[in-house]
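What follows is a short report on a single structure.
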Amino acid sequence: MDVLSDILDLISLRGSLYFRTQFSPPWAVQVPAFEQVARFHFVTRGECWVQVQGHISSLQLGPGDLVVIPRGAAHVLKDDPKRAPAALDDVIQKSGFRGEGALVYGGGEGGAACKLVCGHFAFDADVQHPLLDSLPEVLHIPAAEGVDYSWLESALRFVAHEAESGQPGSDAILRRLAEIIFVQTLRSLDAERNPALRSIAGLTDR
């Protein structure tokens, strides 16, 4: 077995998807911090902004974009950089979401809805590893880079398809795809552009 696989087994990586969304303007959601998880959001339609706690600037996401927040920091997803957010629990309660179908929220101003597939990668609470410590607070993989990482793009599109389908076994497929996406994300990182990621590149050095 290769080194990266050994490490992922050691930290007990487990994928989970908790909802897909349909957010219509105006909307803004505050996602609380969560330890020992890497949260991710994949945009299947529309656009949004993500503001991660501790970062000054917001990231704009478009269709096909993936953002991963490796250490589960609190963050805000919103249609407008200046929009004040509502707490996630309040959004879920107001929307009437019961764990099935899409989390539908917002509306009133018109405009295109933003559809997201949201989930997280959980790690064993008793394990710490330099690989996780070396990751930046935010990983953004634009859809434009999917040309170089076509397998990852295909996996993300399949996630979106399964999330929409509701077919028997979809939850099991989505959990396993989530784990694969995390591995593919690590493999797609550019250590040359981000010196903090050189420990990942070192995994291929015999």
Side-chain angles (χ1 to χ4, degrees), residues 11 13-23 25-92 103 105-106 113-123 125 128-146 149 152 156 159-160 178-179 181-191 193-200:
I11 63 178
L13 173 68
R14 299 178 303 280
S16 176
L17 283 94
Y18 41 83
F19 48 66
R20 57 186 176 86
T21 76
Q22 181 169 316
F23 292 148
W27 66 273
V29 181
Q30 172 74 55
V31 181
F34 202 134
E35 294 184 359
Q36 295 302 119
V37 303
R39 294 192 184 276
F40 73 87
H41 304 284
F42 172 57
V43 184
T44 63
R45 181 177 298 178
E47 297 180 343
C48 70
W49 296 81
V50 58
Q51 172 70 60
V52 179
Q53 187 175 49
H55 285 252
I56 297 175
S57 59
S58 298
L59 284 173
Q60 186 174 22
L61 307 177
D65 282 8
L66 171 70
V67 64
V68 180
I69 303 168
R71 282 177 282 281
H75 56 283
V76 177
L77 297 164
K78 48 193 172 182
D79 68 315
D80 186 309
K82 299 179 181 179
R83 188 87 63 196
L88 177 59
D89 286 347
D90 292 341
V91 169
I92 291 174
L103 171 59
Y105 178 72
C114 178
K115 294 187 176 183
L116 303 165
V117 175
C118 306
H120 67 241
F121 317 107
F123 312 108
Q128 298 292 328
H129 196 279
L131 173 65
L132 299 180
D133 295 338
S134 71
L135 295 175
E137 292 297 326
V138 184
L139 297 172
H140 177 212
I141 300 182
E145 295 188 8
Y149 311 118
L152 175 60
L156 289 169
V159 163
E179 295 167 9
I181 288 167
F182 184 73
V183 177
Q184 286 296 112
T185 299
L186 293 181
R187 292 168 69 179
S188 71
L189 298 176
D190 189 339
R193 289 191 298 177
N194 192 334
L197 302 176
R198 285 176 184 162
S199 61
I200 297 174

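Keep in mind the model is a prediction, meaning the values are calculated, not measured.
- Taking OG of Ser57 as the start and CH2 of Trp49 as the end, the distance is 9.5 Å to the nearest 0.5 Å.
- Cys114 SG to His41 NE2: the interatomic distance, rounded to the nearest 0.5 Å, is 10.5 Å.
- The two residues His75 and Ala73 come nearest to each other via the heavy atoms ND1-O, 3.0 Å.
- Closest non-hydrogen pair, Val43 versus Gly62, comes out as CB-O, 3.2 Å.
- Here the closest non-hydrogen pair linking Ala28 and Ala84 is CB-O, 3.6 Å.
- Proximity of Glu47 to Leu61: side-chain heavy atoms (C-beta onward) are nowhere separated by under 4.5 Å.
- Judged purely by atom type and a 3.5 angstrom limit, Asp79 uses its side chain to pair as donor or acceptor with the backbone of Trp27.
- None of Val31, Val76, Leu59 except one satisfies the side chain to side chain contact (heavy atoms under 4.5 Å, CB included) rule with Val50; the exception is Leu59.
- Using a 4.5 Å heavy-atom cutoff, the side chains of Arg45 and Pro63 are not in contact.
- Remark: Arg39 engages no residue in a salt bridge (charged side-chain N to carboxylate O under 4.0 Å, His left out) (not counting sequence neighbours).
- Using a 4.5 Å heavy-atom cutoff, the side chains of Phe23 and Leu116 are in contact.
- Judged purely by atom type and a 3.5 angstrom limit, His140 has no side-chain atom pairing as donor or acceptor with the backbone of Val138.
- With sequence neighbours left out, the salt bridge (charged side-chain N to carboxylate O under 4.0 Å, His left out) criterion links Glu137 to Arg71.
- The shortest heavy-atom contact between Val91 and Ala86 is CG2-CB, 3.9 Å.
- The shortest distance between side-chain heavy atoms of Phe40 and Leu66 falls below 4.5 Å.
- Counting only heavy atoms from C-beta outward, the side chains of Asp80 and Pro26 never approach each other to under 4.5 Å.
- Ring geometry for Phe34 against His120 counts as tilted: the plane angle lies between 30° and 60°, on a 0 to 90° scale.
- A 4.5 Å side-chain heavy-atom check between Gln22 and Leu103 finds every atom pair outside the cut-off.
- Within 6.0 Å of atom CD in Gln53, 12 or fewer heavy atoms from other residues, nucleotides or ligands are found, so the atom counts as exposed in its surroundings.
- Taking the side chain as every heavy atom from C-beta outward, Val67 and Leu139 never approach each other to under 4.5 Å.
- A search for side chain to side chain donor-acceptor pair (under 3.5 Å) contacts involving Gln51 returns Ser58, not counting sequence neighbours.
- For the pair Ile141/Asp65, no side-chain contact is recorded, criterion being any heavy-atom separation below 4.5 Å from C-beta on.
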